[in-house]
Chemist: 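Just dropping this structure here.
A quick note: this is a predicted structure, and the numbers were derived from the prediction, not measured.
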Amino acid sequence: MDRSVEEKMMNFMKPMFGDMARKTIENQKEKLNLTRGELTYEQYAKIVDSIYTLCMKMAGAAIADKMRNGLLQILDENRTGR
């Protein structure tokens with residue numbers, strides 16, 4: 001997938017994570033050992049799941065669900081070219 005998807009994800013996350021949105025994505029990529037090359041939809045979905053787990057710990061189910069749904073929508077839109 002195009003790297004612009006990460007920018008879209010980061011912009012979506014900014015209201016909750018602020019300036020740490022980019023670092024959060026990077027940390028999850030490192031945690032999942034997804035730091036080389038262009039990532040696939042499935043790899044980005046793993047990052048979304050990891051961010052969801054992080055949000056569950058930090059903010060609870062409602063926020064975590066909203067974050068996951070929004071990030072998956074970004075991935076789906078990028079996948080279908082909308």
Chemist: side-chain hydrogen bond (donor to acceptor under 3.5 Å, both in side chains) with T35: which residues, sequence neighbours excluded?
Modeler: none

Chemist: Output all residues satisfying side chain to side chain contact (heavy atoms under 4.5 Å, CB included) with T40, sequence neighbours left out; order by chain, then residue number.
Modeler: E42, Q43

Chemist: With ILVMFWY side chains joined below 4.5 Å, transitively, what does M56's cluster contain besides itself?
Modeler: Y52

Chemist: Closest approach of L34 and I47, non-hydrogen atoms and distance?
Modeler: CD1-CG1, 4.0 Å

Chemist: One pair to check against side-chain contact (heavy atoms from CB on, under 4.5 Å): L54 and M67. What are the steps and the verdict?
Modeler: CA-CA 10 Å; L54 179 66; M67 185 65 59; over 6 Å; no

Chemist: At what distance, to the nearest 0.5 angstrom, does NZ of K8 lie from CG of L75?
Modeler: 10.0 Å

Chemist: Could you work out, with side chain to side chain contact (heavy atoms under 4.5 Å, CB included) as the rule, every residue matching M10, not counting sequence neighbours?
Modeler: E7, K14, A21, R22, I25

Chemist: Shortest non-hydrogen contact from K66 to F12?
Modeler: O-CZ, 3.8 Å

Chemist: Write out all pairs satisfying salt bridge (Lys or Arg N to Asp or Glu O under 4.0 Å) with one or both partners inside residues 27-38, taking only residues at least two apart or from two chains.
Modeler: E6-K29, E26-K29

Chemist: With sequence neighbours excluded, tell me which residues meet side-chain hydrogen bond (donor to acceptor under 3.5 Å, both in side chains) with S50.
Modeler: Q28

Chemist: Please give me the minimum heavy-atom distance between L32 and K46, naming the atom from each residue.
Modeler: CD1-O, 3.6 Å

Chemist: Rounded to the nearest 0.5 Å, how far apart are OH of Y44 and CZ of R79?
Modeler: 13.5 Å

Chemist: How long is the straight-line distance from CD1 of I63 back to CE of M58, given to the nearest 0.5 Å?
Modeler: 9.5 Å

Chemist: State which residues pass side chain to side chain contact (heavy atoms under 4.5 Å, CB included) with M20; sequence neighbours excluded, sorted by chain then number.
Modeler: K23, T24

Chemist: Among residues two or more places apart or on two chains, list those pairs meeting salt bridge (Lys or Arg N to Asp or Glu O under 4.0 Å) that have a residue in residues 56-65.
Modeler: D65-R68

